Asks: 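Structure provided below as structure tokens; questions to follow.
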Amino acid sequence: MRLILLVSALSFATLPACDGGDPPASPDATPLPDATPPCVPADPPAADCTDPCFDGDGPRLVLALDIAELGIPAPPAGSMPVRVGLFYAVAPQESTDWTRAEAAQNMAQIVAWTDPILAQCQMHVEVETAQVVAIPARLLDHQGNEEGSFGGHPPPGTPNPDLFDYDQNERLTADSLELFTYGKLHTSKNAIAAFTVQNIVYYSNQQLSAAGGLSYPPNIYHHVDDYPYRNSVLLVPAYGACGDLPGLPSPGALPQEIGHMLLNTGGHIDTPGNLMNNGSDLTTEQCDIMRANLTDLFGGAEVPDPGPPPVGP
């Protein structure tokens, strides 16, 4: 028994030490098949562009344009820049029916419609980012605010509408937070990220309402956890086939949403022809407010909560 144990010990002593490495592969080894085959999108796609291959995805960059490609003219001397990121959203299906030049042309046209209106206040659009972004159908059909929200439109006769809106402390929806988080990865905190979407589910004075655009002014969306994502607006152009570049929003869409942001209000007025009544005019008083807020709310490094509006007499 003692001799057997000695031989066994000597045998083990000659074994090579284990270095933790993998054993060499056999030259005849066959790779294991991928357990998850690639997802094949539906062809033709669904009418609403939903597809299991994309429905769980977040925003994805399709095309980044150099700002020079937009060909935006130099602003007048002394004009204040309103920093904007432009994000043209498309369905995630592949499409060859649009070009880089068309994307640049659409974005340049939006700026060309907006600048003459802002020029009344000695301001202009300064584009920080210009991208085409693929987003799933669930974000294209966008939940703009929560069911039953006032959405910046308090009941008629409310004594101080802006204070009423502030006290609602509305929050960004899950859709908006997901989309706007992408925007803040590509724009500075206090720039305004403008996204196109196909449809906005929107409640105004607690009633479902159509919306050609939607803004998130800090007077309404001032919760600290929604900053800086709230510095964003939505535009609704006409969409075609899945994956195609949408058309242009209405000429007044971005100017009015910027107006809401810089006036820091969700409200509209009754003055015919005014920007905040689907026109294009701005008063001297409106310009003074917009220029002050451009500095105070959108000019600093951090503006988490501007505080409630003053209570009138």
Side-chain angles (χ1 to χ4, degrees), residues 41-51 53-54 57-75 81-119 124-142 179-180 182-183 185-187 191-200 211-215 232-258 280:
D43 186 16
D48 62 359
C49 302
T50 56
D51 193 298
C53 293
F54 309 120
D57 293 350
R60 170 177 56 83
L61 176 65
V62 175
L63 173 67
L65 292 166
D66 190 283
I67 305 306
E69 294 179 74
L70 276 57
I72 299 171
V82 180
R83 293 169 294 145
V84 173
L86 296 175
F87 298 90
Y88 243 71
V90 299
Q93 286 84 354
E94 294 290 336
S95 172
T96 58
D97 289 343
W98 59 272
T99 66
R100 185 184 191 98
E102 289 172 332
Q105 183 178 8
N106 280 9
M107 295 185 199
Q109 183 60 67
I110 292 173
V111 175
W113 283 332
T114 306
D115 272 350
I117 296 174
L118 294 182
H124 67 278
V125 171
E126 181 181 281
V127 179
E128 279 194 356
T129 303
Q131 294 185 3
V132 177
V133 181
I135 64 175
R138 61 185 174 80
L139 295 181
L140 284 170
D141 187 17
H142 200 88
L179 192 60
F180 300 163
Y182 177 89
L185 293 174
H186 300 276
T187 58
I192 297 172
F195 286 87
T196 67
V197 293
Q198 189 167 10
N199 179 59
I200 301 173
L214 186 60
S215 56
S232 307
V233 301
L234 298 173
L235 310 173
V236 183
Y239 276 74
C242 300
D244 284 359
L245 193 74
L248 288 162
S250 64
L254 182 61
Q256 187 175 99
E257 302 315 327
I258 288 177
S280 58

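The structure displayed is predicted, hence computed values, not measured ones. Note that these values count all heavy atoms, side chains included, but never hydrogens, waters or copies made by symmetry.
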Asks: As an exercise, state the distance from CD of Q198 to SG of C242, rounded to the nearest 0.5 Å.
Replies: 8.0 Å

Asks: Where is the tightest heavy-atom contact between W98 and L245, given as atom of each residue plus distance?
Replies: CD1-N, 3.4 Å

Asks: Apply side chain to side chain contact (heavy atoms under 4.5 Å, CB included) to the pair L86 and V84, showing each step before the final yes or no.
Replies: CA-CA 6 Å; L86 296 175; V84 173; 3.8 Å; yes

Asks: Which value, rounded to the nearest 0.5 Å, describes the distance between D244 atom CG and E94 atom CD?
Replies: 11.5 Å

Asks: Do you know the tightest heavy-atom contact between C49 and Q93?
Replies: O-NE2, 3.1 Å

Asks: Could you grab the distance from atom CG of L179 to atom CZ of R138, nearest 0.5 Å is fine?
Replies: 10.0 Å

Asks: Show me the side-chain donor-acceptor pairs of residues 104-117 shorter than 3.5 Å, one per line, residues at least two apart or across chains.
Replies:
{"unit_1": "N106", "atom_1": "ND2", "unit_2": "P246", "atom_2": "O", "d": "3.2"}
{"unit_1": "T114", "atom_1": "OG1", "unit_2": "I110", "atom_2": "O", "d": "2.8"}
{"unit_1": "D115", "atom_1": "OD1", "unit_2": "V125", "atom_2": "N", "d": "2.7"}

Asks: Might you work through the side chain to side chain contact (heavy atoms under 4.5 Å, CB included) test for H142 and N199, ending with a clear yes or no?
Replies: CA-CA 6 Å; H142 200 88; N199 179 59; over 6 Å; no

Asks: Verify side chain to side chain contact (heavy atoms under 4.5 Å, CB included) between L63 and Q131, making sure each step is shown before the conclusion.
Replies: CA-CA 6 Å; L63 173 67; Q131 294 185 3; over 6 Å; no

Asks: Is the backbone N or O of G183 less than 3.5 Å from a side-chain atom of H186, with the two atoms forming a donor-acceptor pair by type?
Replies: no

Asks: Can you tell whether the side chains of R83 and E128 come within less than 4.0 Å, N to carboxylate O?
Replies: yes

Asks: Decide yes or no on side chain to side chain contact (heavy atoms under 4.5 Å, CB included) for E126 and V82, but give the supporting numbers first.
Replies: CA-CA 6 Å; E126 181 181 281; V82 180; over 6 Å; no

Asks: Which atom pair, heavy atoms only, marks the closest approach of C53 to D57?
Replies: O-OD2, 3.7 Å

Asks: Would you say the side-chain atoms of E257 pair up with the backbone N or O of S215, donor to acceptor, closer than 3.5 Å?
Replies: yes

Asks: Any side-chain hydrogen bond (donor to acceptor under 3.5 Å, both in side chains) pairs touching residues 58-74, not counting sequence neighbours?
Replies: E69-R100

Asks: List in chain and number order the residues that pass side chain to side chain contact (heavy atoms under 4.5 Å, CB included) with D43, two or more places apart in sequence or in another chain; answer none if no residue qualifies.
Replies: none

Asks: Output all residues satisfying side chain to side chain contact (heavy atoms under 4.5 Å, CB included) with S232, sequence neighbours left out; order by chain, then residue number.
Replies: F180, A193

Asks: Hey, what do you get for CD1 (I67) to OG1 (T129), rounding to the nearest 0.5 Å?
Replies: 6.0 Å

Asks: Report yes if the side chains of V236 and V197 come closer than 4.5 Å at any heavy-atom pair, otherwise no.
Replies: yes

Asks: What pairs with H124 under ring pair (Phe, Tyr, Trp, His ring centres under 6.0 Å), at least two apart in sequence or on another chain?
Replies: none

Asks: Minimum heavy-atom separation for G212 and A253, please, with both atom names.
Replies: O-CB, 4.4 Å

Asks: Do the ring planes of F87 and F195 sit parallel (below 30°), tilted (30 to 60°) or perpendicular (above 60°)?
Replies: parallel

Asks: Excluding sequence neighbours, so at least two apart, what forms side chain to side chain contact (heavy atoms under 4.5 Å, CB included) with A89?
Replies: I135, L140, T196, Y239

Asks: Got P237 and L248 here, is their nearest side-chain heavy-atom distance under 4.5 Å?
Replies: no

Asks: State, without any angle test, whether E102 and Y88 hold a side-chain donor-acceptor pair at a distance under 3.5 Å.
Replies: no

Asks: Given side chains that start at C-beta, do those of L214 and V233 come closer than 4.5 Å, heavy atoms only?
Replies: no

Asks: Taking all non-hydrogen atoms of both residues into account, name the closest pair between A103 and V132 and its distance.
Replies: CB-CG2, 3.8 Å

